[in-house]
Amino acid sequence: MKDIINSLTMKELEQITYRALQKSFSQVMAQTLLELDEAIALGRDKKGFI
């Protein structure tokens, strides 16, 4: 592991970090949107809209 850390450049470390953050944000956003969708579905006026 120590060899891997020593061989990484700052640019490579930045790219790895950026990709990890993108994946994490994508998962959080997907979960948030699903929860919002469920809340909207439960709170909607079922008589006025199909």
Side-chain angles (χ1 to χ4, degrees):
M1 181 76 173
K2 191 173 184 179
D3 292 334
I4 293 172
I5 293 172
N6 289 335
S7 67
L8 282 177
T9 65
M10 283 302 289
K11 184 172 184 166
E12 291 169 329
L13 181 58
E14 184 180 323
Q15 289 173 338
I16 291 168
T17 304
Y18 185 75
R19 287 187 191 116
L21 287 171
Q22 281 180 313
K23 183 177 181 180
S24 178
F25 179 79
S26 175
Q27 292 169 344
V28 169
M29 182 59 86
Q31 185 62 37
T32 300
L33 291 173
L34 285 172
E35 291 174 13
L36 284 171
D37 188 51
E38 289 174 14
I40 292 169
L42 290 174
R44 71 181 175 90
D45 181 8
K46 294 177 183 175
K47 295 176 185 173
F49 300 100
I50 296 176

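Keep in mind that the numbers below use all heavy atoms, side chains included, and drop hydrogens, waters and symmetry copies. Worth saying up front: this structure is predicted, and the values here are computed from it rather than measured.
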(request) Measure the CG-CD distance between Leu8 and Gln15 for me, rounded to the nearest 0.5 Å. (result) 10.5 Å
(request) Check for a donor-acceptor pair, side chain of Thr17 on one end and backbone N or O of Leu13 on the other, with a separation under 3.5 Å. (result) yes
(request) Using only heavy-atom distances, determine whether the side chains of Gln31 and Gln27 contain a donor-acceptor pair under 3.5 Å. (result) no
(message) To the closest 0.5 Å, what do you measure between CG (Asp37) and CG (Leu42)?
(response) 9.5 Å
